[in-house]
Amino acid sequence: YTGLKFSQWRMNIVNMIFPDDQNLFLEYTDPEFLRNHLESRRSTSIDCQMMNLEGKYIWVKLIFKKIQKADDSFCFVFMVQDIHDTSMKLIEDLKKYEEMSNRDPLTGIYNHGKIKEELTSALKRLKDDGTAVSLAMFDIDYFKNVNDTYGHATGDYVIKSISGMVNEYLSEYNTHFGRWGGEEFVIIANEIDSDELQHICEELRIRISNYKFSNVNQITCSFGVIGVTLGETSLQACERVDKAMYKAKSNGRNCVVCG
């Protein structure tokens with residue numbers, strides 16, 4: 001028993017709550033809220049971060065219980081349960097599953113949905129501060145022949161090998177790389193113009209064509225490259241880069257075309 005009125009206690013405690021969680025604490029400890037939403041002998045709880053005795057914020061469960069007295073008055077019991085370790089494990093698991101949902105299961109690179117999301121973000125940066133954005137799309141030449149001749153397991157091996165090779169090479173650049181679908185891939189290049197991205201793709205084209213794939217004849221890829229223009233939508237940019245890639249294929253494949 002502290003001798004404090006509930007309102008005094010409440011305002012003392014709120015200063016121990018993590019700033020982002022203070023509004024939630026104030027909502028759930030509002031006397032009218034507790035009176036109207038908490039039945040006698042029932043409890044409610046919220047999870048938030050609270051400062052411990054060492055001055056560090058930890059995850060806790062705040063538990064409130066309303067107790068009816070014989071004279072029809074009531075009081076509230078307030079408890080703090082340390083759930084920090086459990087909460088941190090849960091947050092870690094959620095981040096892992098969130099990351100998995102953004103990845104292509106075969107290659108581990110970004111999937112179609114995540115690449116579309118990153119392209120939308122890049123277009124917003126272009127609009128807001130003029131950050132240059134260029135886009136490349138490429139696919140594996142005659143990939144159907146690989147599957148038909150060597151089987152789908154070999155096809156998967158080729159896709160994984162190429163995506164790994166490209167992903168490693170792009171790691172030194174400000175890019176996002178993902179599988180668009182099937183044997184098609186997309187590169188989003190931030191702060192890189194189309195001329196530089198064309199040079200990057202030419203280097204990738206050479207590396208892929210020179211790579212010795214196990215049990216498979218030479219593999220080549222066709223690249224389309226564009227510089228995204230201000231006011232262009234993601235759909236328009238994708239249509240343009242797709243046309244550039246198909247122009248590369250109509251030009252004999254194993255080349256880079258800048259649209």
- Query: Does the distance from a Lys or Arg side-chain N to an Asp or Glu carboxylate O, for Glu183 and Lys144, drop under 4.0 Å?
  - Reply: no
- Task: Looking only at non-hydrogen atoms, find the nearest pair between Asn217 and Tyr150 and report the distance.
- Result: ND2-OH, 3.5 Å
- Query: Phe33: what forms a ring-ring contact (aromatic ring centres under 6.0 Å, His included) with it, not counting sequence neighbours?
  - Reply: Tyr28, His37
- Note on the structure: Asn111 and Ser101 have their tightest heavy-atom pair at ND2-O, 2.9 Å
- Query: To the nearest 0.5 Å, what is the distance between SG (Cys201) and CD1 (Ile208)?
  - Reply: 9.0 Å
- Message: Between Leu26 and Ile17, is there a side-chain heavy-atom distance shorter than 4.5 Å?
- Response: no
- Message: If hydrophobic clusters are built from ILVMFWY residues whose side chains come within less than 4.5 Å, do Ile109 and Val166 share one?
- Response: yes
- Query: Between Lys95 and Glu98, is there a salt bridge with N-O shorter than 4.0 Å?
  - Reply: no
- Message: Could you check whether any side-chain N or O of Arg10 sits under 3.5 Å from a backbone N or O of Thr29, counting only pairs where one atom can act as donor and the other as acceptor?
- Response: yes
- Task: To the nearest 0.5 Å, tell me how far Asp21 CG sits from Phe25 CZ.
- Result: 11.0 Å
- Task: Would you indicate whether Met165, at its atom CE, is surrounded by more than 12 heavy atoms from other residues, nucleotides or ligands within a distance under 6.0 Å?
- Result: yes
- Message: Could you tell me if the side chain of Val146 sits less than 4.5 Å from the side chain of Ile140, heavy atoms only?
- Response: no
- Query: Where do Leu197 and Ser134 come nearest, in terms of heavy atoms and distance?
  - Reply: CD2-OG, 3.4 Å
- Pairing of Glu92 and Lys96 as salt bridge, 4.0 angstrom limit: no
- Query: Are Met137 and Leu123 in one and the same hydrophobic cluster, where Ile, Leu, Val, Met, Phe, Trp and Tyr link if side-chain heavy atoms are under 4.5 Å apart?
  - Reply: yes
- Task: State whether Lys89 and Asp85 are salt-bridged, where the test is any N-O pair (Lys NZ or Arg NE/NH1/NH2 against Asp/Glu carboxylate O) under 4.0 Å.
- Result: no
- Message: Tell me whether the count of non-hydrogen atoms from other residues, nucleotides or ligands lying under 6.0 Å of NZ in Lys243 goes above 12.
- Response: no
- Message: Would you say that more than 12 heavy atoms from the other residues, nucleotides or ligands in this model lie under 6.0 Å from the CE of Met79, or not?
- Response: no
- Any side-chain heavy atom of Tyr110 within less than 4.5 Å of one from Val186? no
- Message: Using only atom types and a distance under 3.5 Å, with no angle test, would you say the side chain of Thr229 pairs donor to acceptor with the backbone of Glu232?
- Response: no
- side chain to side chain contact (heavy atoms under 4.5 Å, CB included) filter on Asn251, not counting sequence neighbours, yields Lys247, Cys255, Val257
- By ring-ring contact (aromatic ring centres under 6.0 Å, His included), which residues pair with Phe64, not counting sequence neighbours? Phe78
Table please: side-chain donor-acceptor pairs of residues 220-227 below 3.5 Å, with sequence neighbours left out.
residue	atom	partner	partner atom	Å
Thr220	OG1	Asp141	OD2	2.6
Ser222	OG	Asp141	OD1	2.7
Ser222	OG	Asp141	OD2	3.4
Ser222	OG	Asn254	N	3.3

- Note on the structure: By side chain to side chain contact (heavy atoms under 4.5 Å, CB included), Glu32 pairs with (sequence neighbours left out) Asp30, Arg35, Asn36
- Message: According to side-chain hydrogen bond (donor to acceptor under 3.5 Å, both in side chains), does anything in residues 159-174 pair up with another residue at least two apart or in another chain? List the pairs.
- Response: Asn174-Glu191
- For Asp129, side chain to side chain contact (heavy atoms under 4.5 Å, CB included) partners two or more places apart: Arg125, Thr131
- Nearest atoms (heavy-atom pairs only) where Leu135 meets Val241: O-CG2, 3.6 Å
- Inter-residue atom distance Thr86.OG1 - His84.NE2, 0.5 Å rounding: 10.0 Å
- Return yes if some donor-acceptor pair links the side-chain N/O of His112 with the main-chain N/O of Trp180 below 3.5 Å, else return no. yes
- Query: Apart from Leu90 itself, what residues make up its hydrophobic cluster, given side-chain heavy atom links below 4.5 Å?
  - Reply: Leu94
- Query: In the single-linkage hydrophobic clustering (I, L, V, M, F, W, Y; side-chain heavy atoms under 4.5 Å), do Ile159 and Ile162 co-cluster?
  - Reply: yes
- Side-chain touch Thr149/Thr154, heavy atoms, less than 4.5 angstrom: no
- Check side chain to side chain contact (heavy atoms under 4.5 Å, CB included) between Asn215 and all other residues, then give those that pass, not counting sequence neighbours. none
- Task: Begin from the C-alpha positions of Glu27 and Asn23 and carry the test side-chain contact (heavy atoms from CB on, under 4.5 Å) through to its verdict.
- Result: CA-CA 6 Å; Glu27 176 187 350; Asn23 287 337; over 6 Å; no
- Query: Do Val228 and Leu170 share a hydrophobic cluster, counting only Ile, Leu, Val, Met, Phe, Trp and Tyr and linking them when any side-chain heavy atoms are less than 4.5 Å apart?
  - Reply: no
- Query: Side-chain heavy atoms under 4.5 angstrom apart, residues restricted to Ile, Leu, Val, Met, Phe, Trp, Tyr: same cluster for Ile187 and Ile206?
  - Reply: no
- Task: Mind checking the CG-NE2 spacing from Asn190 to His176? Nearest 0.5 Å is all I need.
- Result: 5.0 Å
- Rounded to the nearest 0.5 Å, the CE atom of Met88 sits from the CD1 atom of Ile58 at a distance of 11.5 Å
- Query: In Å, rounded to the nearest 0.5 Å, how long is the span from CD of Gln22 to CD1 of Ile13?
  - Reply: 11.5 Å
- Query: Got Thr175 and Ile188 here, is their nearest side-chain heavy-atom distance under 4.5 Å?
  - Reply: no
- Query: Are any of the side-chain heavy atoms of Met50 and Phe18 separated by less than 4.5 Å?
  - Reply: no
- Going by the ring-ring contact (aromatic ring centres under 6.0 Å, His included) test, which pairs reach into residues 184-203, not counting sequence neighbours? Phe138-Phe185, Phe177-Phe185
- Query: Given side chains that start at C-beta, do those of Ile200 and Leu204 come closer than 4.5 Å, heavy atoms only?
  - Reply: yes
- Message: Assess, by modelled atom type and distance only, whether the side chains of Arg179 and Thr107 contain a donor and an acceptor separated by less than 3.5 Å.
- Response: no
- Heavy-atom pair of closest approach, residues Ser209 and Gln218: O-NE2, 3.0 Å
- Query: Which pairs count as side-chain hydrogen bond (donor to acceptor under 3.5 Å, both in side chains) when at least one residue sits in residues 48-62, sequence neighbours excluded?
  - Reply: Asp47-Lys61
- Item | Counterpart residues, ring-ring contact (aromatic ring centres under 6.0 Å, His included), relative to Tyr142 (two or more places apart) | none
- Query: Given the rule in the salt bridge (charged side-chain N to carboxylate O under 4.0 Å, His left out) test, do Arg103 and Glu99 qualify, once you have shown the distances and angles that lead to the verdict?
  - Reply: CA-CA 7 Å; Arg103 298 285 175 177; Glu99 182 64 17; 2.6 Å; yes
- Query: Any side-chain heavy atom of Tyr211 within less than 4.5 Å of one from Ile219?
  - Reply: no
- Apply salt bridge (charged side-chain N to carboxylate O under 4.0 Å, His left out) to the pair Lys114 and Asp104, showing each step before the final yes or no. CA-CA 9 Å; Lys114 182 61 175 176; Asp104 173 61; over 6 Å; no
